[in-house]
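Structure, as structure tokens:
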Amino acid sequence: MSNGAENLPPYLEILNPEQRQAVFHTGKPLLILAGAGSGKTRVITTKIAWLIREKGLNPRSILAVTFTNKAAREMAERARLIDERAGDAMLRTFHSFGAWFLRRYGNLAGLDSGFVIYDNDDTLSLLSSIMNDSPKAELKQIAYDIARAKDYFLSPGDAALSIIDRRKKFRSLYAQYEEKMTRIGNVDFGDLIKKPVEILRKEPDVARRFRERFAVIMVDEYQDANVAQFELLKELCGPGVYVCVVGDDDQSIYRFRGAEVKNILEFPDRFPGTEIIRLERNYRSTAPILSAASSVVDHNRGRLGKILKAERSGGRLPALVFLPDQDEEAAFCATLIANMAAETASWSDWAVLYRINAQSLSFETEFLRKGIPYKLVGSLKFYEREEIKDALALLSFLVNPRDEVAFRRMVNKPARGLGPVKVDRIIEESALCGGDLAEAARRVAPEYSSKARSGLEIFLKVIEDGRAALEKPALTENTETKQPSKKRRSSKDREGLVSGEGLSICVARLVKDSGIAEYHQMKDEIAGNQRLNNLQELVNAASLYALSRKGLLEFLEHIELDRSIEDRSKDSSAENNAVTLITFHNTKGLEFRRVIMTGLEQGVFPREDKRGEELEEERRLFYVGATRAMDELYLCSCALRRIFGRPTPLEPSLFLREIDKSGLRIIGKAPYGFGGASSARGRGGLYGKGGMVSSAGGRAGGRRKSGAETRSGWRRGERLFHDDYGYGSVMEVRDGKEGPVVRVRFETGKELRFLSGHQGSGFVKISDE
DNA sequence: TAGTTTTAAGTTTTT
DNA sequence: CTTAAAACTA
């Protein structure tokens, strides 16, 4: 009776002692160091429910913050399963909390509540209007540095700004950027965190109100919090507020956007009296998988160094698969999945992981060809398409007539005879009428030639109609179809767009009347794209929102803050049963029975330029990926990969060497240096296109082999055949820094160098000499 | 100035 | 290979 395990309700009984301790903890600040798969989400959701249920806490006084919308949704769902009232707790991402805050209190910092959130593209456009003709690379650098500055809670005037960018012009550019953004009245991602902190510091009344409202604040994935987010947390935590953060330093993978592992290491110092609870039992992965994952991250210095213990013993060793090239990699994944899924009939057990989004293409093509259902997670591509950004810019301009970025983008699209000179003139004029660009355009229009003038009038008319539609929805309702049926759909119009309910009426009209539907339809006919269909999708998405200014703001905010569109097919289980294609970064917080990690090559993962602290982050990313696997893990490494369309030989990833070979099953031909496994050559057979193909290996010959020749398996003077370059002979074999290099001269006169370990599938040896 | 053709460049990772 | 920038023509 003393250990508390008896007579507990089931939702508490299933917890292990550490988890239970974490749930029951109250009073002082709490830091939960939770290893991968140790049940931290369960702890948070249970804690929320427990506080409401057993402690009688008002759900509204609980704030739980996560980093992704997916995690926030899942958390809310799971907490509600334990106690329905948990639905009233505030569960948000940091950024959505910031947006929520600024809609209410932004006016205290001179921000209109109708602000729009700029994405990276928009901030780039804004910057380019400041830095007129700078090269794009520099523009990007500055934009990146400004975002970092905000992550570190640094303003243009702060001395510490030199940590981010020490060039003197940076400070001035940052200041100009801020000034312009303020004038426009919009915000970027960084502002969603930084501005609330500034307001809370400046306005004691607001701060007090928040501290009174939230009695409990919890933060998930705390290792990914940046300095500004830490400051926000501190401002929200008054003396009486209970704060509980959960994190794992080994899973910190967002340094590039300002995440500071320091936050978690120094939490006990910043919140005096902090108690620490460790969750070190992994319930997810089998022991061999966990061991492989751990041995990689063990190579990192600068970690707290926890010991994760696998609760699941047994299980197959992770497989290390060597493949000739990326096409074979995709084919291997498809075959493996198809064979195994035939037994279990479950595609959704599988996930294919890759380092960069571009890698998904091979898998999509191959899976499509073989009829394997898949879903692409986090492909934010949709909202980055030109046609979608066009429509969104028009919508933004409806809400905020000061939005210069949107105005510049759309006023002359499609071409209306308004070149940069005329547009600049309007923007200049807007300074005289409170920044209202529509008003400025109206004033300037008479100065222009009839062509430009009528073009401008068309644009203004479209915008006015759009605004009117939001204010007086009744006027835009189709008169002939007044049925209240929610499923009603009006007929297709000339551009093939279908407008549905609510806000979609306005979006459809705007897209059509502005001429961008026609514009992109024409592009479709030339290039055979899907642009009009994409616009239709956007129109459909809008139907969930009210036909009003408020509805439009919600729509835009949702798009900026939650770009995952994959949750729509949630209800249909048939569509849900699909293989997941996903980046390593996006897998955080997820789990799968079987995981295939792809592209494990030097230069791809880890990426070539990674050293020191950044290399350690890549290692953590490997760790995150590997610990997603419950039952089986596959690691794929290709000898050859097309980079910029050119086949490039690659070494196996450093991380593969950091796993003890006795803990892996090696499949395929291990390249040079991967001890024990069969050599790349020695067997005949034609592999891959564009590869070197070898027949039986030649004998030693008369001359003594050099060290490099022995290691490479190639000899000077050897004849060979390559199916791209034809016949040739080996001119030289020497040791390069990435292993032995073979220089070959072909009969065409072309000379090429190959990494011997990685012509992999081999050359065809014709004869010695 | 608008639209086309040619040439060069470039691929992290995300809220 | 795909996209962006530059150069070119109508």
Side-chain angles (χ1 to χ4, degrees), chain A residues 65-72 92-99 117-121 123-124 128 133 135-137 139-140 144 147-148 150-151 187-194 221 224-226 228-229 252-259 326 353-362 365 377-381 383-386 412-423 449 451-452 455 519 522-523 526-527 529 557-564 582-588 599 603-610 614 617-618 620-622 624-625 641-648:
Chain A
V65 190
T66 64
F67 279 84
T68 68
N69 294 283
K70 199 172 186 173
R92 283 176 182 267
T93 65
F94 263 114
H95 290 91
S96 106
F97 176 81
I117 302 161
Y118 274 175
D119 68 5
N120 293 354
D121 250 19
T123 57
L124 220 53
S128 75
D133 28 289
K136 191 149 190 204
L139 222 74
K140 275 186 168 169
Y144 184 80
R148 282 306 68 73
K150 293 189 179 187
D151 288 342
V187 297
D188 59 24
F189 281 118
D191 290 333
L192 293 176
I193 311 297
K194 187 165 174 272
E221 308 284 11
D224 287 327
N226 60 37
Q229 286 161 338
S252 169
I253 55 175
Y254 285 108
R255 212 177 96 94
F256 68 91
R257 71 175 201 213
Q326 63 198 349
L353 278 51
Y354 38 81
R355 181 61 179 67
I356 64 172
N357 281 305
Q359 284 172 261
S360 74
L361 196 64
S362 316
T365 328
V377 172
S379 120
L380 36 105
K381 285 263 183 337
Y383 294 105
E384 282 175 1
R385 290 172 197 275
E386 183 188 344
N412 194 35
K413 191 170 184 175
R416 299 182 174 97
L418 292 150
V421 181
K422 292 189 174 77
V423 175
S449 67
K451 186 180 165 210
Y519 176 86
M522 207 178 68
K523 296 251 173 179
I526 297 163
N529 286 330
E557 182 170 314
H558 181 262
I559 285 171
E560 285 310 328
L561 294 182
D562 185 4
R563 294 187 158 190
S564 64
I582 192 168
T583 62
F584 282 97
H585 281 89
N586 264 322
T587 60
K588 194 149 62 150
V604 178
F605 190 26
R607 284 183 62 77
E608 67 257 87
D609 45 340
K610 299 295 183 185
E614 287 190 320
E617 178 141 317
E618 297 276 297
R620 293 192 289 266
L621 193 54
F622 180 101
V624 168
R641 187 175 287 277
R642 280 189 305 278
I643 298 177
F644 302 142
R646 285 272 150 254
T648 314

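Here is how names work: the chains are called A, B, and so on, in the same order as the sequence lines, proteins then strands, and each is numbered from 1.
Minimum atom distance to the side chain of T583(A) is reached by dT13(B), of the listed dT11(B), dT13(B), dT15(B). Comparing dT14(B), dT11(B), dG3(B) against the side chain of N120(A) picks out dT14(B) as the nearest. Side-chain proximity of A415(A) to dT1(B), dT14(B), dG3(B): nearest is dG3(B). Closest approach to the R607(A) side chain among dT12(B), dT13(B), dT15(B) is made by dT12(B) (side chain taken as heavy atoms from C-beta onward).
The side-chain ring of Y254(A) is not stacked on the base of dT13(B), judged by centre separation under 5.5 angstrom and plane angle under 30 degrees.
The pair R607(A)-E614(A) does not meet the salt-bridge criterion, since no charged nitrogen lies less than 4.0 angstrom from a carboxylate oxygen.
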Exercise. Treat a base pair as Watson-Crick or G-U wobble with both distances under 3.5 Å, then lay out DNA chain B in dot-bracket form, 5' to 3', with | for cross-strand pairs.
Key: ||||||||||.....
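Residue contacts for G190(A): at a heavy-atom cut-off of 4.0 Å it reaches no nucleic acid atom on any strand shown. Across all strands shown, F67(A) has heavy atoms under 4.0 Å from sugar-phosphate atoms exclusively, and none from any base.
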Pairs under 3.5 angstrom, nitrogen or oxygen only, protein versus nucleotides 2-6 of chain C, please.
from   : atom 1 : to      : atom 2 : distance (Å)
dA5(C) : OP1    : K136(A) : NZ     : 3.3

Report, one pair per line, the protein and nucleotides 8-10 of chain C atoms (nitrogen or oxygen only) whose separation is under 3.5 Å.
none

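Scored by the side-chain hydrogen bond (donor to acceptor under 3.5 Å, both in side chains) test, D191(A) finds K150(A) as partners (sequence neighbours excluded). Residues satisfying the ring-ring contact (aromatic ring centres under 6.0 Å, His included) criterion with Y354(A), sequence neighbours excluded, are absent altogether. Under the rule for a ring-ring contact (aromatic ring centres under 6.0 Å, His included), Y118(A) has no partner lying at least two apart in sequence or in another chain.
Contact between the side-chain N/O atoms of N357(A) and the OP1/OP2 oxygens of dT12(B) is not found at any separation under 4.0 Å. Neither OP1 nor OP2 of dT15(B) sits under 4.0 Å from any side-chain N or O of K150(A).
Nucleotides dA6(C) and dT11(B) have their P atoms positioned 15 Å apart, rounded to a whole Å.
Here the straight-line distance linking atom OG1 of T68(A) with atom NE2 of H95(A) works out to 12.0 Å at 0.5 Å rounding.
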